[in-house]
Protein chains: 2
Amino acid sequence: MTGEAPLSELETHLGYWLRAVSNAVSHSFARKLEAEGVTVAEWVFLRMLYDVEVIAPSLLAERMGMTRGAISKLADRLGDKALIARAANPDDRRGHSLALTPPARALVPRLAALADRNDAEFFGALSAQERSWLEDLLRRIARERGLSSAPTD
Amino acid sequence: MTGEAPLSELETHLGYWLRAVSNAVSHSFARKLEAEGVTVAEWVFLRMLYDVEVIAPSLLAERMGMTRGAISKLADRLGDKALIARAANPDDRRGHSLALTPPARALVPRLAALADRNDAEFFGALSAQERSWLEDLLRRIARERGLSSAPTD
DNA sequence: TATTGTTATACTCTATAACTATA
DNA sequence: TATAGTTATAGAGTATAACAATA
């Protein structure tokens, strides 16, 4: 009898551990954001708008690595929460612009503090050198694989 | 005028880069699995069954970090694909047992090869030492945070 | 009553594609 | 016609809770 060939185990893959830790970090962050009534994707959306003041949905979709349809739905939800305002572009009325409302502008710094706290909870025990090394490594892989858009989920 | 307080940026969080790379790795793996008609969660499910021969849904749920309801739905799909068989436990007829079908047993090694290939694509450019550091670091964080269950999404 | 597993409901994110209105 | 944005549909994952069968 030949038996079966031995297989690589789940835990031998770096992708496994990356996913395990990443899921835990994101899930923990999501629970913190929940208290402010916002999802992780909405946080990224709001944070990007905070810097640019005004942006077209299609450009935001590109930067967030989402489809225009997904951005549209996200914008609906944020509009319902009165966190963003939509306006038609006067020059080309096909185009719209998205901008934060004053309440959203006040909210984003609180959300940023939650992001800081979440990161500290998971990576605070690492040395500064380890954190810097980990960031460099991840950035390198992202660059090699041509990742340009923000992760949302 | 006071202006606004400066905020930490998205890219300053390790969680951001972790999510970015992890999403890319998982997405790439999902596309490979797609050719075999299987999702990432189904892969983990099948891979675990491969080792244990037989397992109760509730125990598998615990090991995969999913609810019993989610496992039930997953088992439905895998049953439809004729990859797993369900049977009632003779001793306690509330309990069921899950096991791979022969086709699934033949499939898992092919899926494992895809997992190996995907890992190599993303991490093959790292040195052996870097890979080992990264794994140790991720394992350490997982252990500190008490992560025991397998990541599925 | 408690437990095992299933089912129902609902929400988020994803992907594709049809649709509207402008140009 | 092409483009910007919206809407519809479907699939996958997650979470909660009600439910049936069994103990």
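A, B, ... follow the sequence lines: proteins, then strands. Residue 1 opens every chain.
- Under the 4.5 Å side-chain heavy-atom criterion for grouping Ile, Leu, Val, Met, Phe, Trp and Tyr, B/Ile71 is connected to B/Val52 within one hydrophobic cluster.
- Side-chain atoms of A/Ser97 and A/Asn89 include no donor-acceptor pair closer than 3.5 Å.
- The salt bridge (Lys or Arg N to Asp or Glu O under 4.0 Å) check on A/Arg139 picks up A/Glu135, with sequence neighbours excluded.
- Comment: A/Arg105 engages A/Glu53 in a salt bridge, judged by a side-chain N to carboxylate O separation of less than 4.0 angstrom.
- Regarding A/His27, its NE2 atom lies at a distance of 14 Å from the P atom of C/dT12, rounded to whole Å.
- Between A/Ile55 atom CD1 and D/dA4 atom C1' there is a gap of 14 Å when expressed in whole angstrom units.
- At least one donor-acceptor pair closer than 3.5 Å links the side chain of A/Glu130 to the backbone N or O of A/Ser127.
- Atom CZ of B/Arg31 is separated from atom P of C/dA15 by 10 Å (rounded to the nearest Å).
- Remark: A/His96 pairs with no residue by the side-chain hydrogen bond (donor to acceptor under 3.5 Å, both in side chains) rule, at least two apart or across chains.
- One end of the helix from C/dT1-D/dA23 to C/dA23-D/dT1 points its axis 30° away from the other end's axis, with each axis taken from 5 pairs and the angle rounded to 10°.
- Here the side chains of B/Phe29 and B/Asp119 are not in contact, with every heavy-atom distance at 4.5 Å or above.
- Straight-line distance from the CG atom of A/Leu98 to the P atom of D/dA4: 14 Å, rounded to whole Å.
- Take B/Asn118 and apply the side-chain hydrogen bond (donor to acceptor under 3.5 Å, both in side chains) test, not counting sequence neighbours, and it matches B/Ser28, B/Lys32.
- Residue A/Thr67 has no polar side-chain atom (N or O) positioned under 4.0 Å from OP1 or OP2 of C/dT14.
- A salt bridge does not link B/Lys81 to B/Glu36: none of the charged nitrogens lies less than 4.0 Å from a carboxylate oxygen.
- Between A/Glu42 atom CD and C/dC11 atom P there is a gap of 13 Å when expressed in whole angstrom units.
- The CH2 atom of B/Trp43 sits 15 Å away from the P atom of D/dG13 (whole-angstrom rounding).
- If you take CG of B/Leu60 and P of C/dG5, they are 10 Å apart, rounded to a whole angstrom.
- Protein atom CE of A/Met66 is 11 Å distant from nucleotide atom C1' of C/dA15, rounded to whole Å.
- Closest to the side chain of A/Pro57, out of D/dG5, C/dG5, D/dG13, is D/dG5.
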Show me the protein contacts with nucleotides 19-23 of chain D, counting only N or O atoms at under 3.5 Å.
residue, atom, partner, partner atom, Å
D/dT22, OP1, B/Arg93, NH1, 3.0
D/dA23, OP1, B/Arg93, N, 3.0

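- Between A/Phe122 and B/Leu18 there is no side-chain heavy-atom pair separated by less than 4.5 Å.
- Scanning residues 68-81 of chain A for heavy-atom distances under 4.0 Å to DNA chain D yields A/Arg68, A/Gly69, A/Ser72, A/Asp76.
- You'll find that the side chain of A/Thr39 is closest to C/dT12, out of C/dT12, D/dA15, C/dA15.
- Salt bridge present: A/Arg47 and A/Asp51 bring a charged side-chain N and a carboxylate O closer than 4.0 Å.
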